[in-house]
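All remarks here apply to the structure that follows.
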Amino acid sequence: PPNEKPKEPTLINLQAGKRVFIGEAPTNMNSLIADLTRQLQIDDPALPPTEQRVYIRADRDVRYGEFMEVMNTLQGNGFYQVALINEEL
């Protein structure tokens, strides 16, 4: 359809202190995969969640190890369509 609005990207936000959000909704490392899967199924029920693109944005104060914990959790659960958001200062 010509006037169809493009889908908003699914964004995982990482903040200092291991605070994790899917969009604006808080989550944690224990429920990240379940919450992400649920959100992706709502966003596009026709496409399996692990085949949908997920974007990650991390605050400047997020430690590298915390960021990698999220990446490893995603990849360990079959989420390989992960893109990073870089914001200019």
Side-chain angles (χ1 to χ4, degrees):
N3 291 329
E4 187 172 311
K5 185 177 178 181
K7 177 188 153 211
E8 288 291 320
T10 300
L11 181 62
I12 297 174
N13 290 298
L14 308 178
Q15 296 180 1
K18 289 192 169 187
R19 295 186 313 158
V20 182
F21 298 83
I22 298 173
E24 300 291 323
T27 188
N28 59 56
M29 290 306 298
N30 293 327
S31 62
L32 174 63
I33 297 302
D35 292 343
L36 179 60
T37 298
R38 186 171 28 261
Q39 183 61 49
L40 291 171
Q41 288 172 332
I42 291 168
D43 291 348
D44 190 350
L47 191 60
T50 55
E51 293 181 20
Q52 296 184 48
R53 181 163 307 277
V54 176
Y55 294 85
I56 296 180
R57 176 175 54 207
D59 285 351
R60 164 184 303 236
D61 298 326
V62 171
R63 302 179 134 245
Y64 179 75
E66 293 170 1
F67 170 79
M68 286 309 299
E69 181 180 1
V70 172
M71 287 294 293
N72 290 335
T73 298
L74 291 171
Q75 291 181 348
N77 286 278
F79 289 91
Y80 298 108
Q81 299 294 323
V82 179
L84 307 179
I85 295 179
N86 179 27
E87 294 182 10
E88 292 185 29
L89 301 174

field: Nearest atoms (heavy-atom pairs only) where Asn13 meets Leu11
entry: OD1-CD2, 3.5 Å
- request: Looking only at non-hydrogen atoms, find the nearest pair between Arg19 and Ala16 and report the distance.
  value: NE-O, 3.6 Å
Enter the distance from [X]:[atom1] to [Y]:[atom2] here, rounded to the nearest 0.5 Å.
{"X": "Asp44", "Y": "Arg53", "atom1": "CG", "atom2": "CZ", "answer": "13.5 Å"}
{"X": "Gln75", "Y": "Gln81", "atom1": "CD", "atom2": "CD", "answer": "11.0 Å"}
{"X": "Leu47", "Y": "Gln41", "atom1": "CG", "atom2": "CD", "answer": "11.0 Å"}
{"X": "Ile42", "Y": "Thr37", "atom1": "CD1", "atom2": "OG1", "answer": "11.0 Å"}

- line: Apart from Leu40 itself, its cluster of hydrophobic side chains linked below 4.5 Å comprises Ile12, Leu14, Val20, Ile22, Met29, Leu32, Ile33, Leu36, Val54, Ile56, Val62, Tyr64, Phe67, Met68, Val70, Met71, Leu74, Phe79, Val82, Leu84
task: Might you confirm whether atom CZ of Arg63 has over 12 heavy atoms from other residues, nucleotides or ligands at distances under 6.0 Å?
output: no
Main-chain N/O of Thr10 paired with Gln39 side-chain donor or acceptor, under 3.5 Å: no
field: Any donor-acceptor pair under 3.5 Å from Asn28 side chain to Asn30 backbone
entry: yes
